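Down below is the structure, laid out as structure tokens.
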Amino acid sequence: MALALEQAQAAWQAGEVPVGAVVADPQGRVLGVGYNRTITDSDPTAHAEIVALRAAATHMGNYRLPGLTLYVTLEPCVMCIGAMLHARLARVAYGASDPKTGACGSVLDVAAIQRLNHHTTITGGVLAEPCGDLLRRFFRERRAKESTA
């Protein structure tokens, strides 16, 4: 998760909402990293998780990523958890909960839907405090800039 936080910081430096993600194998080898790029790429699907999944899939030469774990600083949205399930990830670990769009228990719990053909283990709250603090500082700074503009 520390590397995902570094990716989130890179997102902030790029003017993006600071969310970072990392895909790793069971031995801890990093296979893909990403941070939010929706503004940079003019792409609504360029969330940190999707960017990291694309990098890992390219690295593996396969769109399926069984046995791997994705670490992300913010609870995934519906789009992202859907992509993770399609990739057949073994595990997803996230930092801060997202009470507005979180789809791993906060608003919805997509991975808990038993009718889906793949299930992944979800662990929330991993380094939740630093992950949440980064987002709060970002939005506090953004609101301050907007109020002086």
Side-chain angles (χ1 to χ4, degrees), residues 1-139 142:
M1 190 62 80
L3 183 53
L5 274 164
E6 289 177 20
Q7 290 294 306
Q9 191 64 50
W12 187 337
Q13 297 303 316
E16 299 276 356
V17 173
V19 178
V22 174
V23 177
D25 69 13
Q27 292 73 39
R29 290 183 293 238
V30 174
L31 304 174
V33 298
Y35 59 82
N36 273 0
R37 299 185 52 86
T38 56
I39 297 165
T40 303
D41 294 351
S42 298
D43 180 355
T45 70
H47 289 194
E49 302 95 310
I50 301 299
V51 175
L53 285 171
R54 288 175 179 156
T58 298
H59 178 85
M60 299 295 291
N62 194 341
Y63 71 102
R64 296 258 166 100
L65 304 171
L68 303 184
T69 299
L70 186 140
Y71 300 90
V72 61
T73 57
L74 181 65
E75 181 180 358
C77 70
V78 172
M79 174 184 68
C80 291
I81 191 62
M84 293 173 208
L85 293 173
H86 281 291
R88 306 293 196 263
L89 290 176
R91 183 170 172 243
V92 174
Y94 69 86
S97 295
D98 186 345
K100 294 184 179 180
T101 64
C104 293
S106 289
V107 177
L108 299 170
D109 196 352
V110 173
I113 299 171
Q114 292 301 308
R115 294 185 314 191
L116 295 174
N117 68 332
H118 178 73
H119 296 93
T120 187
T121 301
I122 307 287
T123 304
V126 179
L127 295 181
E129 199 60 36
C131 291
D133 284 345
L134 185 65
L135 286 158
R136 282 187 289 277
R137 284 189 332 226
F138 172 81
F139 285 112
R142 181 190 262 181

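As a basis for the values below, the full set of heavy atoms in this structure was taken, side chains included, without hydrogen atoms, waters or symmetry mates. Remember, predicted model here, so these are calculated numbers, not experimental data.
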What distance do [X] atom [atom1] and [Y] atom [atom2] have between them, rounded to the nearest 0.5 Å?
X	Y	atom1	atom2	answer
Ile81	Leu108	CD1	CG	11.5 Å
Gln114	Leu116	CD	CG	8.5 Å
Ile50	Asn36	CD1	CG	10.5 Å
Leu134	Phe139	CG	CZ	10.0 Å
Leu53	His86	CG	NE2	11.5 Å
Leu74	Ser106	CG	OG	9.0 Å

Subject >> Short N-O contact, Lys100 and Glu75, less than 4.0 angstrom >> reply: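 No, no charged N to carboxylate O under 4.0 Å.
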Main chain of [Y], side chain of [X]: is a donor-acceptor contact present, judged purely on distance under 3.5 Å?
X	Y	answer
His119	Ile113	yes
Thr73	Gly20	yes
Thr120	Arg91	yes

Original post:
Quick one: does Cys77's side chain get under 4.5 Å of Asp98's, heavy atoms only?
Top reply: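 Cys77 vs Asp98: side chains apart.
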Subject >> Any side-chain heavy-atom pair of Arg54 and Thr45 under 4.5 Å >> reply: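 Yes, their side chains come closer than 4.5 Å.
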Which atom of [X] lies closest to which atom of [Y], heavy atoms considered:
X	Y	value
Leu85	Ala111	CD1-CA, 4.5 Å
Ala96	Cys131	N-CB, 3.8 Å
Pro26	Leu68	CD-CD2, 4.4 Å
Pro76	Cys80	CB-CB, 4.1 Å
Gly15	Ile39	O-CD1, 3.8 Å
Ala55	Gly32	CB-CA, 3.8 Å

**OP:** Report the C-alpha distance between Tyr35 and Val51 in whole Å, list the side-chain angles of each, state the deciding distance to 0.1 Å, and finish with yes or no for side chain to side chain contact (heavy atoms under 4.5 Å, CB included).
**Re:** CA-CA 7 Å; Tyr35 59 82; Val51 175; over 6 Å; no
**OP:** Starting from the C-alpha separation in whole Å, work towards a yes-or-no answer on side chain to side chain contact (heavy atoms under 4.5 Å, CB included) for Val19 and Leu135.
**Re:** CA-CA 8 Å; Val19 178; Leu135 286 158; 4.3 Å; yes
**OP:** Decide side chain to side chain contact (heavy atoms under 4.5 Å, CB included) for Tyr63 and Arg88; before the verdict, give the C-alpha distance in whole Å, the side-chain angles of both, and the deciding distance to 0.1 Å.
**Re:** CA-CA 9 Å; Tyr63 71 102; Arg88 306 293 196 263; over 6 Å; no
**OP:** Quickly, which of Glu49, Met84, His47 forms a side chain to side chain contact (heavy atoms under 4.5 Å, CB included) with Met79? Name it, please.
**Re:**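 Result: among Glu49, Met84, His47, His47 is the only option passing the side chain to side chain contact (heavy atoms under 4.5 Å, CB included) with Met79.
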**OP:** Test side chain to side chain contact (heavy atoms under 4.5 Å, CB included) on Thr38 and Asp43 and set out the steps.
**Re:** CA-CA 5 Å; Thr38 56; Asp43 180 355; 5.9 Å; no
